[in-house]
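These figures come from a predicted structure and were not determined experimentally.
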Amino acid sequence: MFIEEKLIISQRHNYLSLIEEGIFFRAYNQSAYILSQYYHQELKVITNMVKKLNNQQIVFCAFPKMQIKQRLPHAVKTEWGYELKGNFELSNYQDWFEQILSLDSDSKYIKNINKKNVNHDANSLKKQEKILQRQLTSAMNDSLASPIFYNIQLTQQQLKFLHKWQRGNCLPIIMENFIESIKQQLQKN
């Protein structure tokens, strides 16, 4: 089956579609969203660029075929895999899709840094952290002198980042990107 067919099957309204591929069932795009958001399957979502579709970005996740009945006991067998009919709301699909692409982009950036063997020893990272901490403290002190209240809505990606964030486990560039994304929302208000 060609990728175009897989994507068409995967975007059918109110269906979760699992396409049989070797020893796995794969869920593409909307079906991957349904599988992760409605059925809370903890699967790695992978991004891919399809050259023959004008470099269209797609996402997918997979699990071994032998797990189908334990993961989705009500799924129905089809000629191409399994499907599950439901009333699936996809209004947040695009945000989720962009978040997956963004997270993949961040991880590729980190991998590229590691590949280039950038010298980030513990001392230089601590120095950068101290500089950022001073800048943040200064900005916080300035804002305490004259508080300003903003109502902004955080994206799912921003909420996920905040939920998983731990001191010392994040490259400065990722923190800067996060702060920049919030700053852009503040400028819109």
Side-chain angles (χ1 to χ4, degrees), residues 1-112 114-115 152-166 169-171 174 177-178 180-182 184-185:
M1 181 181 296
F2 295 109
I3 188 65
E4 297 91 342
E5 296 169 291
K6 294 174 187 178
L7 294 177
I8 289 169
I9 290 170
S10 295
Q11 67 185 16
R12 296 177 306 145
H13 183 67
N14 284 333
Y15 279 96
L16 163 60
S17 304
L18 300 167
I19 308 212
E20 186 173 352
E21 294 186 29
I23 63 169
F24 294 98
F25 285 116
R26 278 193 181 182
Y28 291 89
N29 290 351
Q30 289 90 336
S31 288
Y33 171 77
I34 293 167
L35 193 59
S36 68
Q37 300 300 304
Y38 280 87
Y39 291 96
H40 309 290
Q41 299 291 312
E42 295 291 328
L43 300 170
K44 180 176 181 180
V45 180
I46 299 168
T47 65
N48 195 11
M49 185 183 305
V50 183
K51 288 184 182 180
K52 70 179 186 175
L53 295 177
N54 295 324
N55 294 327
Q56 178 182 335
Q57 291 279 356
I58 64 167
V59 298
F60 65 91
C61 57
F63 61 85
K65 290 193 308 191
M66 63 184 185
Q67 295 178 1
I68 186 69
K69 288 301 176 187
Q70 96 188 57
R71 286 182 180 269
L72 301 166
H74 302 293
V76 177
K77 179 86 172 117
T78 67
E79 63 185 46
W80 39 261
Y82 276 83
E83 68 182 12
L84 197 56
K85 186 166 178 50
N87 187 16
F88 304 117
E89 173 60 47
L90 298 178
S91 61
N92 292 325
Y93 165 71
Q94 194 60 41
D95 289 338
W96 174 85
F97 183 83
E98 290 171 8
Q99 174 187 5
I100 297 297
L101 293 179
S102 174
L103 291 173
D104 183 61
S105 157
D106 289 346
S107 70
K108 284 180 182 169
Y109 176 79
I110 292 169
K111 286 177 187 172
N112 285 339
N114 291 335
K115 283 181 184 175
I152 63 170
Q153 287 187 337
L154 298 178
T155 65
Q156 285 182 335
Q157 180 183 2
Q158 290 167 331
L159 287 171
K160 186 175 182 178
F161 178 84
L162 283 172
H163 181 70
K164 291 186 173 187
W165 181 83
Q166 291 181 352
N169 287 346
C170 185
L171 290 174
I174 295 174
N177 287 342
F178 174 75
E180 183 64 33
S181 71
I182 296 204
Q184 289 172 357
Q185 287 180 302

I'd like to know whether [atom1] of [X] has more than 12 heavy-atom contacts from other residues, nucleotides or ligands below 6.0 angstrom.
{"X": "Asn55", "atom1": "CG", "result": "yes"}
{"X": "Lys69", "atom1": "NZ", "result": "yes"}
{"X": "Glu42", "atom1": "CD", "result": "no"}

- Query: When you look at Arg71 and Leu18, which way does the side-chain contact (heavy atoms from CB on, under 4.5 Å) test go after all the steps?
  - Reply: CA-CA 12 Å; Arg71 286 182 180 269; Leu18 300 167; over 6 Å; no

>> Ignoring hydrogens, what is the shortest heavy-atom contact between Leu84 and His74? Give both atom names and the distance.
In response: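 Nearest pair, atom of Leu84 first, then His74: CD1-O, 3.2 Å.
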
request  = For residues Ser10 and Ser31, report the shortest heavy-atom separation together with the two atoms involved.
outcome  =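 Nearest heavy atoms, Ser10 then Ser31: O-OG, 3.0 Å.
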
From [X] [atom1] over to [Y] [atom2], what is the distance, rounded to the nearest 0.5 angstrom?
{"X": "Lys77", "Y": "Tyr82", "atom1": "NZ", "atom2": "OH", "value": "5.5 Å"}
{"X": "Met66", "Y": "Phe24", "atom1": "CE", "atom2": "CZ", "value": "9.0 Å"}
{"X": "Ile9", "Y": "Asn29", "atom1": "CD1", "atom2": "CG", "value": "13.0 Å"}
{"X": "Asn87", "Y": "Lys85", "atom1": "CG", "atom2": "NZ", "value": "8.5 Å"}
{"X": "Phe88", "Y": "Leu35", "atom1": "CZ", "atom2": "CG", "value": "9.5 Å"}
{"X": "Phe97", "Y": "Thr47", "atom1": "CZ", "atom2": "OG1", "value": "8.5 Å"}

With Glu21, which residues qualify under salt bridge (Lys or Arg N to Asp or Glu O under 4.0 Å), at least two apart?
->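 Lys6, Arg26.
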
Under a 3.5 Å distance rule, please check whether [X] uses its side chain to pair with a backbone N or O of [Y] as donor and acceptor.
{"X": "Ser36", "Y": "Ala32", "result": "yes"}
{"X": "Lys44", "Y": "Ala62", "result": "no"}
{"X": "Glu4", "Y": "Phe2", "result": "no"}

Set of side chain to side chain donor-acceptor pair (under 3.5 Å) partners for Glu83, sequence neighbours left out =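 Counting only residues at least two positions away or on another chain, Glu83 forms a side chain to side chain donor-acceptor pair (under 3.5 Å) with Arg12.
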
Can you list the residues that meet the side chain to side chain donor-acceptor pair (under 3.5 Å) rule with Gln57, with sequence neighbours excluded?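 Listed in chain order: nothing, the list is empty.
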
Open item on the list: Let's go through Tyr38 and Tyr33 carefully: what are the C-alpha distance in whole Å and the side-chain angles of both, what is the deciding distance for side-chain contact (heavy atoms from CB on, under 4.5 Å) to 0.1 Å, and is it a yes or a no?
Closed with: CA-CA 8 Å; Tyr38 280 87; Tyr33 171 77; 4.3 Å; yes

- Kindly indicate, with the supporting measurements, whether the criterion side-chain contact (heavy atoms from CB on, under 4.5 Å) is fulfilled by Leu72 and Leu16. CA-CA 10 Å; Leu72 301 166; Leu16 163 60; 3.9 Å; yes

side-chain contact (heavy atoms from CB on, under 4.5 Å) between Trp96 and Val45: does it pass, once the steps are laid out?
CA-CA 11 Å; Trp96 174 85; Val45 180; 4.1 Å; yes

| How about Leu7 and Gln56: do any of their side-chain heavy atoms sit closer than 4.5 Å? |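 Yes - at least one pair of side-chain heavy atoms lies under 4.5 Å apart.
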
